[in-house]
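Worksheet: the structure to be examined is printed underneath.
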Amino acid sequence: MKMKLFAIGVSLLAAWALPVLAHHSFSAEFDSNKPVKLVGTVTKVDWMNPHIWIYLDVKDNQGNLEHWQCEGGPPNTLMRNGWTKNALKSGDAVTIEGLLAKDASKTCNSRTVKLPDGRSVFAGTPGVDTSEK
């Protein structure tokens, strides 16, 4: 019986710890000195904790299609800032202003998103200071 309780305890601890380990620091992944403005078409939205992800197709300066992924804040925070789960859908044209990933991938941390209805909403992770120094 003790072994069974121990196994259950370890399983619960692991289930709690994995999401914490998966979460990351903003400064570990994104460069607050590299702003980006993306104008493109939404291909997918993952509305889940700990952050939403918006995937979009963007044309570069030569007209080539690039596939981007943009991290947003937690769903609960975004809802308090005017978002709904259905605010974006595949095919929507959006403008995203954010900060580039340090690894030079087509990834950014979203700061604001101009929604298809014309509203601009805060989309970033709360508590990240990206002000000019």
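Keep in mind that this is a model prediction, so the values were computed, not measured.
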- prompt: Should Cys70 and Thr107 be marked as a side-chain contact (heavy atoms from CB on, under 4.5 Å) after you check the CA-CA gap, both sets of side-chain angles, and the distance that decides it?
  reply: CA-CA 6 Å; Cys70 299; Thr107 304; over 6 Å; no
Joint cluster assignment, Phe122 & Met79, ILVMFWY side-chain distance < 4.5 Å: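 No, no single cluster joins them.
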message: Run the side-chain contact (heavy atoms from CB on, under 4.5 Å) test on Asp31 and Leu100 for me, step by step, so that the C-alpha distance in whole Å, both residues' side-chain angles and the decisive distance to 0.1 Å come before the verdict.
response: CA-CA 6 Å; Asp31 189 337; Leu100 287 174; 5.5 Å; no
Minimum heavy-atom separation for [X] to [Y], with atom names?
{"X": "Ile96", "Y": "Ser110", "result": "CG2-OG, 3.6 Å"}
{"X": "Leu99", "Y": "Phe30", "result": "O-CD2, 3.6 Å"}
{"X": "Val36", "Y": "Leu38", "result": "CG2-CD2, 3.7 Å"}
{"X": "Leu78", "Y": "Gly73", "result": "CD1-O, 3.5 Å"}

field: Gly72 backbone acceptor or donor facing His51 side chain under 3.5 Å
entry: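 Yes.
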query: When you measure from the side chain of Thr43 to the backbone N and O of Tyr55, does any donor-acceptor pair fall under 3.5 Å?
result: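 It does hold such a pair.
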task: Carefully, step by step, assess His67 and Asp57 under the rule side-chain contact (heavy atoms from CB on, under 4.5 Å).
output: CA-CA 5 Å; His67 306 290; Asp57 286 341; 2.5 Å; yes
Compile the donor-acceptor pairs under 3.5 Å between side chains in residues 112-120 and protein atoms, sequence neighbours left out, one pair per line.
unit_1 : atom_1 : unit_2 : atom_2 : d
Asp117 : OD1    : Arg119 : N      : 2.9
Asp117 : OD1    : Arg119 : NE     : 3.4
Asp117 : OD2    : Arg119 : NE     : 2.8
Asp117 : OD2    : Arg119 : NH2    : 3.4
Arg119 : NH1    : Gly82  : O      : 3.0

- request: Kindly determine whether Leu88 and Trp83 satisfy side-chain contact (heavy atoms from CB on, under 4.5 Å), including the steps that lead there.
  value: CA-CA 9 Å; Leu88 290 177; Trp83 286 72; 3.8 Å; yes
message: Applying salt bridge (charged side-chain N to carboxylate O under 4.0 Å, His left out) as the test, list every pair that has at least one member in residues 61-70; sequence neighbours left out.
response: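 Those involving residues 61-70 are Glu66-Lys106.
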message: Using the side chain to side chain contact (heavy atoms under 4.5 Å, CB included) definition, which of the options Thr41, Thr95, Val94 pairs with Leu56?
response: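 When side chain to side chain contact (heavy atoms under 4.5 Å, CB included) is applied between Leu56 and each of Thr41, Thr95, Val94, only Val94 qualifies.
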- request: Give, for atom CD of Glu97 and atom SG of Cys108, the distance between the pair rounded to the nearest 0.5 Å.
  value: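 Atom-to-atom, Glu97:CD and Cys108:SG are 10.5 Å apart.
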query: Once you round to the nearest 0.5 Å, how far does NZ of Lys44 lie from CH2 of Trp53?
result: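 One gets 11.5 Å once the value is rounded to the nearest 0.5 Å.
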query: Going through the distances and angles, do Asn86 and Thr84 end up as a side-chain hydrogen bond (donor to acceptor under 3.5 Å, both in side chains)?
result: CA-CA 5 Å; Asn86 299 316; Thr84 65; 5.5 Å; no
- prompt: Asp92 versus Val42: any side-chain heavy-atom pair under 4.5 Å?
  reply: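 Side-chain contact under 4.5 Å: yes.
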